[in-house]
Student: 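Sharing a structure with you now.
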Amino acid sequence: MSSALQFYMSTLLVYLGVSLIACWALNLQIGVTGVLNLGFIVFQALGAYTAAVLTLGPDTSNGGFQHYVFGAELPFPVPLLAAAGVGALASAGLGSIGLRRLRSDYQAMVFLVAAIIATDVATNVTGLVNGAAGLSLVPQPLSANVGLSPLDYQWFYVGLMAILCAVAFLLIRRLTLSPLGRSLRAVRDHEDAAEALGYNVYRLRLMVVVIGGALAAVSGAALVEFIGSWGPGSWFYQETFVYLAAVIIGGSGNNIGVALGALIVPVALNELPRFIPDFGGPGFVDAMRWVVIGVAILVFLYFRPQGIIPEKRNRFGLAGTVRHRWSGLATRARVRLGR
Amino acid sequence: MSRAFAGIHAINDASFRVEAGAVTALIGPNGAGKSTMCSVISGFLRPDRGSVLYDGEEIVGCSPHRLAARGLLRTFQTSSEFPRLTVTENLLAGARADRGTTLIGALLGRRYWIAEERANLERARVLLMSFELLNVADQMAGMLSGGQKRLVELMRAIMARPRFLVLDEPLAGIHPATVESVIAAIQRLRSDGVTVLMIEHNLGVVERICDRVIVMANGSVIANGRMHELRQNPEVIDAYFGN
Ligand SMILES: Nc1ncnc2c1ncn2[C@@H]1O[C@H](COP(=O)(O)OP(=O)(O)O)[C@@H](O)[C@H]1O
Ligand SMILES: [Mg+2]
């Protein structure tokens, strides 16, 4: 592979990693639990800003050309972890306001409105995160320590992303495959019935909003540490719909399907056009992106609402026809589990 | 208690006691306020006035999930299965799973909660067998017939090990051939010491399985007693059997 192609591929892979984490997180909220978080992108942005200001150092550095709060120069995994913490805290705050007394369509509106307000605040309060210009020159993590060529560093970062993705996947998988995951799907399917059976619906929803918010922040932090800049233009509220499209098209509720959606939608529809030359006048490719994403969501909701890979039916085989790997009722399963 | 909806007095100074360990029927014409009563008892609606005592304690203002944790379970008049969960999963969702449904427990993994899950699964199997529904155990609950959905909801509530079970028309839409298994289940609950309050229109069934009957009309309790006594009560005859 030529090094230009390697740059291109590795960059796409990092974007894919960011999308994977974000889509799994959004799927936990929307696909599994039915919390329509239309302000999801805010938590990714918050993670990116947090990681950026905690990597950049005080805002007097670099000649003081950008202004922001809490500037610090912390070693690598710390900005990422701090981003997760800030994402969790902020989503707990917004969730405890938006989720408590409202039905789900109103919850969606609270999140959407919060996203729009947040962009306005970040743009207009210039001392916060440098306003409309955004933050730039964020140093890449460990780049000074590992001593790699720019191309090797690209692949090093792909490796870091792979580790982050693996951790996020295992976390979400454990959640969704457990009895807790079943409770979340029960909340999604019938909130009153779940409440009547003893589930604290508000707390379960808040839980996925917080976990998803932390993961979204991690995805944003990983992105900004790679591309080095972040501003209001990166996270208009519409960007949530890119991830929403990925969840719906891939297969809402299915982590593998959602991974496929994360490959198809954000990477193919959103990132690839950045690499193709502009045609049809300035801004045409960019505008078409939103048309394609909108049409894709509608087509799937109409003709295949379950997505490409639908949510898996969890068979327990009580009738004895199919053997569930956990049921422990069938002899062979018992032997395999060492009983 | 009393409860109005935009001027309609759904419950109007109604008062009654449900005897512990007995099966009590709540009957009355459509619109009498029976379902509203269920929702107030189970914490889904707040009464405008009045109180609900459970084990002698005031429970008005308690959220439904907290009442469920104290053994007060209710079913709904309209089918309310979890449509995208299988029948088995619906039942398991009803069972208590103190290990597997906590965040820590879920993250600790299967080893931590599998024993509890197996025990619940075995109870689900026995219950499904008693309703002859083992053959649909792995089907999505949303694909079942209306009657089967009602059964799933009943089984799901039983899985929760209720102490006081409020059933809103458990026999509505149930196939006649299956009615007997519902009756048997309610009788089993009683012999296990569960208190049952059921809304039911079929007076033959009420007479067979209910110890006491409460009659509501226009939001008020108009009679309270044994079925054979009520059949002679002119007010009840007028409100309920009259037309
Ligand atoms: N959520 C509601 N909003 C407005 N009116 C209601 C509501 N729920 C019940 N009602 C009214 O209250 C009265 C009692 O209803 P309900 O308790 O469902 O009666 P029942 O179960 O005995 O048939 C009816 O007149 C009904 O129209
Ligand atoms: Mg009713």
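Residue numbers start from 1 in every chain, and the chains themselves are labelled A, B, ... in the order their sequence lines are given, proteins ahead of strands. Side chains included, hydrogens not; waters and symmetry mates left out as well; all remaining heavy atoms used.
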Student: Which heavy atom in A/G317 sits nearest to a heavy atom in B/D138, and how many Å separate them?
Tutor: N-OD2, 3.0 Å
Student: I'd like to check B/H65 versus A/V201 (side-chain heavy atoms, cut-off strictly below 4.5 Å). Are they in contact?
Tutor: no
Student: Is the shortest distance from a Lys or Arg side-chain nitrogen in B/E117 or A/R182 to a carboxylate oxygen in the other one below 4.0 Å?
Tutor: yes
Student: Distance check, rounded to the nearest 0.5 Å: A/R174 atom CZ versus B/L108 atom CG?
Tutor: 7.5 Å
Student: Against chain B, label A/L171 side chain, backbone, both or neither, depending on which of its atoms sit under 4.5 Å from a heavy atom there.
Tutor: both
Student: Which residue pairs pass the side-chain hydrogen bond (donor to acceptor under 3.5 Å, both in side chains) test with at least one member in residues 32-42 of chain A, sequence neighbours excluded?
Tutor: A/Q29-A/N37
Student: Between B/E153 and chain A, which part of the residue has a heavy atom less than 4.5 Å away: side chain, backbone, both or neither?
Tutor: neither
Student: Should we say atom CZ of B/R123 is surrounded by more than 12 heavy atoms from elsewhere, each under 6.0 Å from it?
Tutor: yes
Student: Is it the case that over 12 heavy atoms from other parts of the model lie below 6.0 angstrom from the OH atom of A/Y106?
Tutor: no
Student: Identify which part of B/R96 has an atom lying under 4.5 Å from any heavy atom of chain A, answering side chain, backbone, both or neither.
Tutor: neither
Student: What's the verdict on side chain to side chain contact (heavy atoms under 4.5 Å, CB included) for A/M207 and B/L103, showing C-alpha distance, side-chain angles and the deciding distance?
Tutor: CA-CA 9 Å; A/M207 190 187 86; B/L103 181 57; 4.2 Å; yes
Student: Heavy atoms under 4.5 Å from chain B: which residues of residues 186-194 of chain A carry them?
Tutor: A/A186, A/R188, A/D189, A/H190, A/D192, A/A193, A/A194
Student: Counting only heavy atoms from other residues, nucleotides and ligands, does the tally under 6.0 Å from CZ of B/R66 exceed 12?
Tutor: no
Student: Is B/A106 in contact with chain A via its backbone, its side chain, both, or neither, using a 4.5 Å heavy-atom distance?
Tutor: both
Student: Answer with side chain, backbone, both or neither: which region of B/F44 has an atom nearer than 4.5 Å to a non-hydrogen atom of chain A?
Tutor: side chain
Student: Taking only residues two or more places apart in sequence or in another chain, which ones pass side chain to side chain contact (heavy atoms under 4.5 Å, CB included) with B/A172?
Tutor: B/R150, B/E169
Student: Can you check side chain to side chain contact (heavy atoms under 4.5 Å, CB included) on A/F316 and B/V87, steps first, answer last?
Tutor: CA-CA 10 Å; A/F316 285 85; B/V87 169; over 6 Å; no
Student: Could you tell me whether the side chain of A/R185 reaches within less than 4.5 Å of the side chain of B/R84, counting heavy atoms only?
Tutor: no
Student: Can you tell which part of B/T75 gets under 4.5 Å to a heavy atom of chain A, answering side chain, backbone, both or neither?
Tutor: neither
Student: Given that the side chain runs from C-beta out, which part of B/L133 has a heavy atom under 4.5 Å from chain A: side chain, backbone, both or neither?
Tutor: neither
Student: I want to check something: taking the side chain as every heavy atom from C-beta on, are B/T102 and A/L180 in contact at a cut-off of under 4.5 Å?
Tutor: no
Student: Heavy-atom cut-off 4.5 Å, strictly under: side chain, backbone, both or neither for B/S80 against chain A?
Tutor: both
Student: Show me the pairs that pass side-chain hydrogen bond (donor to acceptor under 3.5 Å, both in side chains) and involve residues 301-310 of chain A, at least two apart or across chains.
Tutor: none
